[in-house]
Structures are given as C-alpha cells and as structure tokens.
Chemist: 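Here's a structure for you.
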Amino acid sequence: MNPTKEEIFDKAKHAVMDLDEIAVEKIAYEALEAGVSPVELIELGFVEGMKAVGDLFEEGKSQLAEIFEASHVVESGINILRPAIMGSKNDVCLFGNLVVGM
C-alpha cells in the first residue's frame with residue numbers, strides 16, 4: 001500500500017525530530033516516487049520537524065547542538081530534492097537551502 005502525502009509528511013517530520021539522516025533521505029526518494037511536491041515535503045515535513053526540534057529546545061528538553069544536527073539532516077533531504085525542484089515547471093527559486101515559491 002502506498003503511503004498518503006500526509007503520512008509521508010508525518011514520517012519526514014519525525015525523521016527530522018529523530019535526527020535520522022538516512023530516514024530523511026529515504027523519505028525524500030519515496031516522496032519523489034509518489035509524486036509528492038518537493039516544496040510541500042520541505043514545508044510540511046522537514047520544516048515542521050525543525051519547528052518541533054526548536055520547540056523542544058525552547059522548553060529546555062534538547063540542546064542547541066540538536067538544532068544544528070536537525071539542520072544538517074534537513075539539508076541532506078533537500079540535496080536529494082534539489083534536482084526535482086530546479087527542474088520543476090513551477091516558479092520556484094532555491095537559495096542554498098531556502099526554497100522560495102513565486
């Protein structure tokens with residue numbers, strides 16, 4: 001059974017929260033194969049995971065190093081998505097790891 005977009009986003013969020021670079025990379029490939037928009041995956045999966053890591057830091061439940069590690073994990077996923085983003089017919093710009101939709 002193929003996962004829904006929401007399931008892929010949820011897996012992406014939790015992989016970032018778990019600082020699991022291998023899982024993030026697998027999810028990026030899975031999303032591309034499922035036809036999920038790379039920008040949606042970043043916004044609704046990876047960024048939501050980063051927000052959760054930041055929230056844990058603000059609550060004193062994680063260390064600053066975990067925010068940096070989460071950023072590195074997200075970057076590995078974006079590196080996989082980058083060719084699809086750049087080849088998209090949508091008006092999207094990529095500035096380093098910042099994706100901007102027009």
Chemist: Identify the heavy atoms of Glu43 and Val47 that sit nearest to each other, and give their distance.
Modeler: O-CB, 3.5 Å

Chemist: What is the minimum heavy-atom distance between Val74 and Met50, and which atoms define it?
Modeler: CG2-CG, 3.7 Å

Chemist: I'd like to know whether CG of Leu64 has more than 12 heavy-atom contacts from other residues, nucleotides or ligands below 6.0 angstrom.
Modeler: yes

Chemist: Taking all non-hydrogen atoms of both residues into account, name the closest pair between Ser76 and Val24 and its distance.
Modeler: OG-CG1, 4.2 Å

Chemist: Any side-chain heavy atom of Ile85 sitting closer than 4.5 Å to one from Ile42?
Modeler: yes

Chemist: Can you confirm whether Phe9 sits close enough to Val36 that some side-chain heavy atom of one is under 4.5 Å from a side-chain heavy atom of the other?
Modeler: yes

Chemist: If you define the side chain from C-beta out and look only at heavy atoms, does anything of Ile8 sit under 4.5 Å from Leu41?
Modeler: yes

Chemist: Output the distance between atom CD1 (Ile67) and atom NE2 (His72), rounded to the nearest 0.5 Å.
Modeler: 16.0 Å

Chemist: Is there a side-chain contact between Phe46 and Lys13 (heavy atoms, below 4.5 Å)?
Modeler: no

Chemist: Taking all non-hydrogen atoms of both residues into account, name the closest pair between Ile80 and Leu32 and its distance.
Modeler: O-CD1, 4.0 Å

Chemist: Kindly give the heavy-atom pair with the smallest separation between Glu7 and Pro3, and that separation in Å.
Modeler: OE1-CA, 3.1 Å

Chemist: Whether the side chain of Glu48 engages the backbone of Gly45 through a donor-acceptor N/O pair (distance < 3.5 Å, no angle test) should be reported.
Modeler: no

Chemist: Going from CG on Asp10 to CD1 on Ile27, what distance comes out if it is rounded to the nearest 0.5 angstrom?
Modeler: 9.5 Å

Chemist: For Val53 versus Met17, what's the shortest heavy-atom pair and its separation?
Modeler: CG2-CA, 3.8 Å

Chemist: Heavy-atom count around Gln63 CD within 6.0 Å, excluding the residue itself: above 12?
Modeler: no

Chemist: Less than 4.5 Å apart, side chain to side chain, heavy atoms only: is that true for Val39 and Leu81?
Modeler: no

